[in-house]
Every structure is written in C-alpha cells, then in structure tokens.
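Report on the structure given below.
These numbers come from a predicted model, not from an experiment.
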Amino acid sequence: MMPEIFRAFGFSFLFFSRDHEPIHVHVIGKDGDAKYVWNGTEFVFDYQHNIKANDLKKIKSMIDENRDIIIRHWENYFDKEE
C-alpha cells in the first residue's frame, strides 16, 4: 500500500505503508521516481531515476511548498499504527 499525499505535474507524492524513519517522500510518475528526505529543516534530494531536470525543479518546489502537509501525513499515518 502506498498512501498518496497529493498529485502534481503528473507525479504522485507518497510514502510506503511500511516505510521507515527518517520522514521522506517518494515521487513516482512519467516512468521515473525520486526520493527526498527530511533533515529536520528541509527535504533534501536523495535519489532519482529517469526524471528530467526540469521536472525535478517542479517536484522540489512542490515539496517545499507542501512540507507541512507531507510531515503531517507521515506523522498521522505512522502514529496510528503504534
């Protein structure tokens, strides 16, 4: 199961139901994927596969604009499982 947080620019921003700390977000779409990890201050790039540089800029912008939503979804989802 992959709880989706939101969609933008043809990409799904999500995490996996059995994911691990630290907080991070996976981005999947357009035949590629990427991952950004929360470092306590911001989401930083971890890796990407088959995503164009222009799309990576859009993705990072969406993550920055929605960081509170991403963190809240993560905390709400994983807190309910404990």
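- Atoms CD1 and CD1, from Ile70 and Ile63 in turn, are 5.5 Å apart once rounded to the nearest 0.5 Å.
- Ser17 has its side chain within reach of Tyr77: a pair of non-hydrogen atoms, C-beta onward, lies under 4.5 Å apart.
- The pair Arg72-Asp68 does not meet the salt-bridge criterion, since no charged nitrogen lies less than 4.0 angstrom from a carboxylate oxygen.
- Of all the heavy atoms in Val37 and Pro22, the pair that sits closest is CG1-CG, 3.4 Å.
- Around atom NE2 of His49, no more than 12 heavy atoms belonging to other residues, nucleotides or ligands sit under 6.0 Å away.
- For the 3.5 Å distance criterion, the side chains of His24 and Asp19 qualify, holding a donor opposite an acceptor.
- In this structure the side chain of Lys60 never reaches within 4.5 angstrom of the side chain of Phe45, judged on heavy atoms.
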Between Asp46 and Tyr36, does a side chain to side chain contact (heavy atoms under 4.5 Å, CB included) hold up when you go through it step by step?
CA-CA 5 Å; Asp46 187 41; Tyr36 291 79; over 6 Å; no

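- Side-chain contact check for Ile5 versus Val25: some heavy-atom pair is nearer than 4.5 Å.
- With a 6.0 Å cutoff to the six-membered ring centre and a 45° limit on the axis angle, Lys35 does not count as a cation-pi contact of Tyr47.
- By the criterion of side-chain heavy atoms lying less than 4.5 angstrom apart, applied directly or through intervening Ile, Leu, Val, Met, Phe, Trp or Tyr residues, Trp38 is grouped together with Val27 in one hydrophobic cluster.
- More than 12 heavy atoms of other residues, nucleotides or ligands lie within 6.0 Å of NZ in Lys30, so this atom counts as buried by the packing criterion.
- Residues Gly29 and Phe11 share a closest heavy-atom pair of O-CE2, 3.3 Å.
- Linking ILVMFWY side-chain heavy atoms closer than 4.5 Å, directly or via other members, places Met2 and Phe78 in two distinct hydrophobic clusters.
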Can you list the steps and then say if Arg67 with Phe43 is a side chain to side chain contact (heavy atoms under 4.5 Å, CB included)?
CA-CA 8 Å; Arg67 73 177 193 181; Phe43 281 95; 3.8 Å; yes

Determine, step by step, whether Ile28 and Leu14 satisfy the side chain to side chain contact (heavy atoms under 4.5 Å, CB included) criterion, reporting the C-alpha distance in whole Å, the side-chain angles of both residues, the deciding distance to 0.1 Å, and the verdict.
CA-CA 8 Å; Ile28 300 173; Leu14 52 88; 4.1 Å; yes

Test log, rule ring-ring contact (aromatic ring centres under 6.0 Å, His included), inputs His26 and Phe16:
CA-CA 8 Å; His26 296 273; Phe16 299 107; 4.3 Å; yes

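- Between the side chain of Asn39 and the backbone N or O of Glu42 there is at least one donor-acceptor pair closer than 3.5 Å.
- Between the CG atom in Asp33 and the OG atom in Ser12 there is a gap of 12.0 Å [rounded to 0.5 Å].
- Dense packing is recorded around CG of Asn50, with more than 12 heavy atoms of other residues, nucleotides or ligands lying under 6.0 Å away.
- With rounding to the nearest 0.5 Å, the separation of NE2 in His73 from CD1 in Ile71 is 12.5 Å.
- Under the 30°/60° scheme for interplanar angles, the aromatic rings of Phe6 and Phe13 are found to lie parallel.
- Between atom CH2 of residue Trp74 and atom CG of residue Asp79 there is a gap of 11.0 Å, rounded to the nearest 0.5 Å.
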